[in-house]
Amino acid sequence: LAALCMLINILYGPLSGMQESWYQIVFFVSIASISLGTFSAIRQTNIKRLLAYSSIAHMGFALIGLLSFPNLDGIQSLLIYMLIYLATTLGVFSCIISLELNEGVSINKIDDLSGLSKKHPFTAFTMAMFMFSYAGIPPLGGFFAKFYIFTSVLEQEMYALAIIGLLTTVISAFYYLKII
């Protein structure tokens with residue numbers, strides 16, 4: 001982790017005079033990414049598109065960790081967030097692929113998952129846990145990932161970003177629960 005921070009310092013060294021400019025850009029891109037991903041996913045009925053829009057929102061949360069760059073806690077929260085998001089995304093798509101292989105049909109719509117708990121209870125439970133993790137429900141990994149991101153934001157006194165992030169997290173729980 002210390003080596004990563006040294007590498008980031010080396011890379012950002014020439015841009016250190018422009019820190020205020022790129023900070024504002026990343027700030028607004030993170031808000032735009034979180035908002036666009038969250039509100040676009042609400043109306044989706046295609047599960048893969050919903051997960052794609054969701055990933056746009058999740059990358060906005062990752063950018064929040066980047067905003068607290070000089071702070072080592074912010075970089076750690078970014079790495080933890082990305083690791084947990086990667087594991088959750090691999091798990092969700094593994095569940096979808098295993099269902100497609102077992103059923104022999106393509107799963108495109110959220111409705112294609114109806115009755116899953118009767119046919120494949122273990123896959124349904126696993127998929128539900130991954131969705132709860134995406135939503136940030138404790139005690140799952142997604143909760144801790146977002147907790148660390150929000151903690152780093154609050155330490156940097158970026159309250160507006162924390163409020164927007166929390167509101168969009170609550171809104172995103174709607175479509176994750178719709179899948180469950």
Side-chain angles (χ1 to χ4, degrees), residues 1 4-5 7-9 11-12 15 18-93 96 110 127 129-180:
L1 186 58
L4 176 66
C5 289
L7 177 64
I8 291 173
N9 281 330
L11 291 175
Y12 285 107
L15 300 176
M18 298 173 51
Q19 184 174 1
E20 186 65 31
S21 298
W22 69 260
Y23 174 84
Q24 291 175 355
I25 291 168
V26 173
F27 181 86
F28 288 112
V29 168
S30 68
I31 290 174
S33 178
I34 292 169
S35 301
L36 175 73
T38 300
F39 291 112
S40 297
I42 289 175
R43 297 181 34 200
Q44 283 300 317
T45 57
N46 185 309
I47 189 160
K48 294 172 187 171
R49 282 189 199 146
L50 185 142
L51 292 173
Y53 283 122
S54 170
S55 69
I56 293 171
H58 283 287
M59 290 308 102
F61 283 108
L63 286 174
I64 291 174
L66 189 64
L67 283 174
S68 54
F69 165 67
N71 186 354
L72 185 61
D73 291 339
I75 300 301
Q76 286 176 340
S77 68
L78 169 65
L79 293 174
I80 290 169
Y81 190 89
M82 291 305 295
L83 182 66
I84 292 172
Y85 174 74
L86 174 69
T88 305
T89 301
L90 286 174
V92 167
F93 279 104
I96 291 173
I110 295 172
M127 183 84 156
M129 290 300 108
F130 286 130
M131 289 297 131
F132 282 136
S133 180
Y134 268 149
I137 305 295
L140 300 171
F143 168 77
F144 291 105
K146 288 183 180 181
F147 176 78
Y148 291 135
I149 289 287
F150 288 133
T151 301
S152 70
V153 166
L154 292 174
E155 286 175 1
Q156 296 292 321
E157 297 179 356
M158 295 183 270
Y159 300 117
L161 196 55
I163 291 170
I164 291 169
L166 285 172
L167 288 175
T168 55
T169 297
V170 170
I171 293 169
S172 68
F174 166 75
Y175 54 81
Y176 293 130
L177 293 175
K178 182 170 68 171
I179 294 171
I180 295 169

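Values below: every heavy atom of this structure, side chains too, minus hydrogens, waters and symmetry copies. Because the structure is predicted, anything quoted here is derived from the model rather than measured.
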Using atom types as modelled, flag every donor-acceptor pair under 3.5 Å from a side chain in residues 165-177 to any protein atom, sequence neighbours excluded.
from, atom 1, to, atom 2, distance (Å)
T168, OG1, I164, O, 2.9
T168, OG1, G165, O, 3.1
T169, OG1, G165, O, 2.7
S172, OG, T168, O, 3.3
S172, OG, T169, O, 2.8
Y176, OH, S54, OG, 2.3
Y176, OH, H58, NE2, 3.1

side-chain contact (heavy atoms from CB on, under 4.5 Å) partners for T45, two or more places apart: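 Once residues adjacent in sequence are excluded, the partners of T45 under the side-chain contact (heavy atoms from CB on, under 4.5 Å) criterion are K109.
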Of all pairs that satisfy salt bridge (Lys or Arg N to Asp or Glu O under 4.0 Å), the ones with a partner from residues 45-59, not counting sequence neighbours: K48-E100
Which residues satisfy the side-chain contact (heavy atoms from CB on, under 4.5 Å) test with L51, sequence neighbours excluded? I47, V92, F93, I96, M131, Y134
Are the side chains of I42 and F39 in touch, meaning some heavy atoms are under 4.5 Å apart?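 Result yes, sub-4.5 Å side-chain heavy-atom pair found.
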To the nearest 0.5 Å, what is the distance between CG on L50 and CD1 on I179?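 Here the interatomic distance stands at 4.5 Å.
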Point-to-point distance, once rounded to the nearest 0.5 Å, from OG1 of T88 to CG of L83: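 Reported value, rounded in 0.5 Å steps: 9.0 Å.
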Rounded distance [0.5 Å steps], CD1 in I84 versus CZ in F143: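 It is 11.0 Å, given to the nearest 0.5 Å.
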Hits for side-chain contact (heavy atoms from CB on, under 4.5 Å) against S55, two or more places apart or cross-chain, chain-then-number order -> Y85
Could you give me the CA-CA distance, side-chain angles and deciding distance for F132 and I180, then say whether side chain to side chain contact (heavy atoms under 4.5 Å, CB included) is met? CA-CA 8 Å; F132 282 136; I180 295 169; 3.5 Å; yes
Closest approach of I34 to A57 (non-hydrogen atoms, all atoms of both residues): CG1-O, 3.6 Å
Run the side chain to side chain contact (heavy atoms under 4.5 Å, CB included) test on L161 and I31 for me, step by step, so that the C-alpha distance in whole Å, both residues' side-chain angles and the decisive distance to 0.1 Å come before the verdict. CA-CA 7 Å; L161 196 55; I31 290 174; 3.5 Å; yes
Roughly how far apart are K146 NZ and I137 CD1, rounded to 0.5 Å? 9.0 Å
Compare every heavy atom of I110 with every heavy atom of K178, then report the nearest pair and how far apart it is.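 So the two residues come closest at CE-CD1, 3.9 Å.
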Pair listing, side-chain hydrogen bond (donor to acceptor under 3.5 Å, both in side chains) test, anchored in residues 27-37, at least two apart: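 Checked against side-chain hydrogen bond (donor to acceptor under 3.5 Å, both in side chains) - neighbours excluded - no pair reaches residues 27-37.
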Here the gap from S152 atom OG to L67 atom CG, rounded to the nearest 0.5 Å, amounts to 8.5 Å
Answer yes or no: does atom CZ of F27 have more than 12 heavy-atom neighbours from other residues, nucleotides or ligands under 6.0 Å? yes
Pairwise distance OG(S133) to CZ(F144) - rounded to 0.5 angstrom: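 Taking OG in S133 and CZ in F144, the distance rounds to 10.5 Å.
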